[in-house]
2 protein chains.
Amino acid sequence: MSEDLSIPVQMENLVRRKQKEIVEGLESLGTSKFKADTWVRGETGGGGTSMVLQEGTTFEKAGVNVSAVYGSLPPQAIARMKADHKTLVTNGDGSLKFFACGLSLVIHPYNPHAPTTHLNYRFFETWNEDGTPQTWWFGGGADLTPSYLYEEDAKLFHQNHKDALDKYDKSLYPEFKKWCDDYFYIKHRGETRGIGGIFFDDFNTKPAEEILKIVESCFDAFLPSYLPIVARRKDMPFTEEEKKWQQLRRGRYVEFNLILDRGTQFGLQTPGSRVESILMSLPLTASWMYDHHPEEGSREDKLLKVLKNPIEWVE
Amino acid sequence: MSEDLSIPVQMENLVRRKQKEIVEGLESLGTSKFKADTWVRGETGGGGTSMVLQEGTTFEKAGVNVSAVYGSLPPQAIARMKADHKTLVTNGDGSLKFFACGLSLVIHPYNPHAPTTHLNYRFFETWNEDGTPQTWWFGGGADLTPSYLYEEDAKLFHQNHKDALDKYDKSLYPEFKKWCDDYFYIKHRGETRGIGGIFFDDFNTKPAEEILKIVESCFDAFLPSYLPIVARRKDMPFTEEEKKWQQLRRGRYVEFNLILDRGTQFGLQTPGSRVESILMSLPLTASWMYDHHPEEGSREDKLLKVLKNPIEWVE
């Protein structure tokens, strides 16, 4: 990555390179290939490429999207963003010129012993009316959503992401780990969506060049955190009951994404956004049983207990 | 129904009677029975009975709930309600004593040719600090969500509900039919959830006794509107592709209920509410495919066209 380039250009290069690398990594675990779907954001500006795999050999549904969009944010969108991003200042005419670029992925394997994962890293910036930069930040993270808990999987995922952050600043992992547990908390269920990972937003308290390096380090941590897990789980035998439990957990995943995920809500409410890319995160299949409770002491119950009381997976 | 009783008591009697009648009607279409689940609303007051059938012979998931709850609404709940109910006045201490009673049902049959249906009728009232009645209203409706369009089904459902309303006031059906199309519009998809029916809220522009009779008339219209449809569709042969299409339509149903339904959102955000009863509306199974579009001119496409441009089913 050439440091002569501006941060937005470097970020866009990074996400495109990582999209290719991650897609190739995931394809190495089965015989199915991703399909590219390139789209442009009509009236406004920018576009993206969704790499999608559906009903594959290992993955039931997987999407790895990059997008780089720019334009003018409408006042309602600004109002919603301000709640999370205090540094945002509206221009005189109530609008705001912005650029946003990121990679977002969700992977749902078939095997109930292989966990779902989600990753997203993004850069956002705005300009003043005179064209000078106004504010910017990075946001993102990566997290794991197993239907069955394997401690070694949870530890591998967390350790790799901790190492990626520790290289730059040892205070980051504890902060981002807690942020992840808090963000993915499904309040009406009293449980987290999965066993966490890292999450951060509004990150601009270090020089942008340095944060970009941290983001790259987190990106680098992803494949070594996830591929070994899927490799050892994807061909495990499973029962019909285990598959049903996975479907119920996917129902919870849908609940989080549709009711609570701020990115999804923001996206669906923003005119001109691409609904298919936003809802690509939803699993191919999900299920809801009335008042389902796993048997006390069962493996299903053990997972729930961890989701109700998040664990520190690494020292 | 004795007219000597107060409206809340008459409404509670009505919904309990209708719960029994509807459950028996639905049970007559298969060999599976509903199970009763009675719950009490701990700290606050009231409770209900959920009648639930899962993985039956005809119905994949069906729930017929009654509830009668009372207590004090917290200020945030009042703020949300005020947006829809302008007659609501907060008491001096910011709270509001209320009573709410209703029946709510959602039925998801197995056969993709048999439509999902939803019905809900409710009465709500509040009191002033001195114990005198403050405001009240009725709300509710019934609507049909087919995966495959059968015009005779749509006409039967609408005609019966129109007749039920016409008996009292011929201006009601056109108003409530449009309200239903508007309410169940999934904005981010540009389509309605189903082929409509009737919907109303904040209804207090006639004497309560008269509205209660109208509600009873709508209740009476339900079984004759729905049972004959399921009876003629439940054993129709269907292909795997048709089942897949039904699952995709159920995904849209989930999207509406989790993202847009005000009752669901209000319920999930209200402390002490019963999550299982609220989310009982979700189907046993649902599916999301990336960027799925039915073939032009196919039966699936014909349904979508109607969902994008609601039809007047009866004169």
Side-chain angles (χ1 to χ4, degrees), chain A residues 34-35 37 39 50-55 60-65 106 108 186-191 243-244 247-248 250-261 264-293, chain B residues 34-35 37 39 50-55 60-65 106 108 186-191 243-244 247-248 250-261 264-293:
Chain A
F34 280 76
K35 280 182 193 157
D37 192 2
W39 51 276
S50 297
M51 297 293 295
V52 183
L53 191 160
Q54 272 181 149
E55 301 183 293
E60 194 169 294
K61 192 167 170 192
V64 186
N65 293 341
V106 178
H108 297 286
I186 307 175
K187 201 177 168 193
H188 62 269
R189 297 289 191 180
E191 58 188 48
K243 188 71 193 169
K244 275 192 179 177
Q247 298 304 95
L248 292 174
R250 292 205 168 143
R252 297 290 209 272
Y253 205 88
V254 171
E255 286 178 31
F256 179 84
N257 288 20
L258 295 186
I259 302 175
L260 297 163
D261 186 57
T264 303
Q265 296 203 327
F266 182 77
L268 293 181
Q269 289 166 4
T270 302
S273 66
R274 189 167 185 267
V275 172
E276 284 305 327
S277 299
I278 296 164
L279 296 182
M280 203 206 56
S281 67
L282 301 178
L284 188 71
T285 56
S287 175
W288 285 267
M289 298 270 288
Y290 176 76
D291 212 20
H292 181 275
H293 301 282
Chain B
F34 280 77
K35 280 182 192 156
D37 192 3
W39 51 277
S50 297
M51 297 293 295
V52 183
L53 192 160
Q54 272 180 150
E55 300 183 291
E60 192 169 293
K61 194 168 170 191
V64 185
N65 295 340
V106 178
H108 297 286
I186 307 175
K187 200 178 168 190
H188 63 270
R189 297 289 191 180
E191 58 188 49
K243 188 71 193 167
K244 276 192 179 177
Q247 298 302 96
L248 293 174
R250 292 206 167 141
R252 297 289 209 273
Y253 204 88
V254 171
E255 287 179 30
F256 179 85
N257 288 20
L258 296 186
I259 301 175
L260 296 164
D261 186 58
T264 303
Q265 297 203 327
F266 182 77
L268 293 180
Q269 289 166 6
T270 302
S273 66
R274 189 164 185 266
V275 171
E276 285 304 328
S277 298
I278 296 165
L279 296 183
M280 203 205 56
S281 67
L282 302 178
L284 188 72
T285 56
S287 175
W288 285 267
M289 298 269 288
Y290 175 76
D291 212 19
H292 182 275
H293 301 283

Given heavy-atom pairs under 4.5 angstrom as the criterion, report whether the side chain, backbone, both or neither of [X] touches chain B.
X      : value
A:K244 : side chain
A:L279 : side chain
A:R250 : neither
A:Q54  : side chain

Next on the checklist: As an exercise: rank A:E255, A:K187, A:Q247 by heavy-atom pairs under 4.5 Å with chain B and give me the winner.
Outcome noted: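 Most heavy-atom pairs within the cutoff with chain B belong to A:E255.
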Taking every non-hydrogen atom, the tightest pair across [X] and [Y]:
X      : Y      : result
B:M280 : A:Y290 : CG-CD1, 3.5 Å
B:A286 : A:W288 : CB-CZ3, 4.2 Å
B:E276 : A:M289 : OE1-O, 4.0 Å

Checklist entry - Any side-chain heavy atom of B:D291 sitting closer than 4.5 Å to one from A:R274? => result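 Counting from C-beta outward, B:D291 and A:R274 do come under 4.5 Å.
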Next on the checklist: I'd like to verify something: which residue of B:T285, B:L284, B:I278, B:L268 has the highest number of heavy-atom pairs under 4.5 Å with chain A?
Outcome noted: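 Between B:T285, B:L284, B:I278, B:L268, the count favours B:L284.
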Item to check | Heavy-atom pairs under 4.5 Å with chain A, option from B:T264, B:L248, B:V52 with the top count | outcome: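 Sorted descending by pairs with chain A, the first entry is B:V52.
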Next on the checklist: For A:D261, give me all partners under salt bridge (charged side-chain N to carboxylate O under 4.0 Å, His left out), at least two apart in sequence or on another chain.
Outcome noted: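 In terms of salt bridge (charged side-chain N to carboxylate O under 4.0 Å, His left out), with neighbours along the sequence ignored, A:D261 is linked to no residue.
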Item to check | Interatomic distance, A:N257 atom CG to B:L258 atom CG [nearest 0.5 angstrom] | outcome: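 The distance works out to 10.5 Å.
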Checklist entry - What is the distance from atom NZ of B:K61 to atom OG of A:S287, rounded to the nearest 0.5 Å? => result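 These two atoms lie 7.0 Å from each other.
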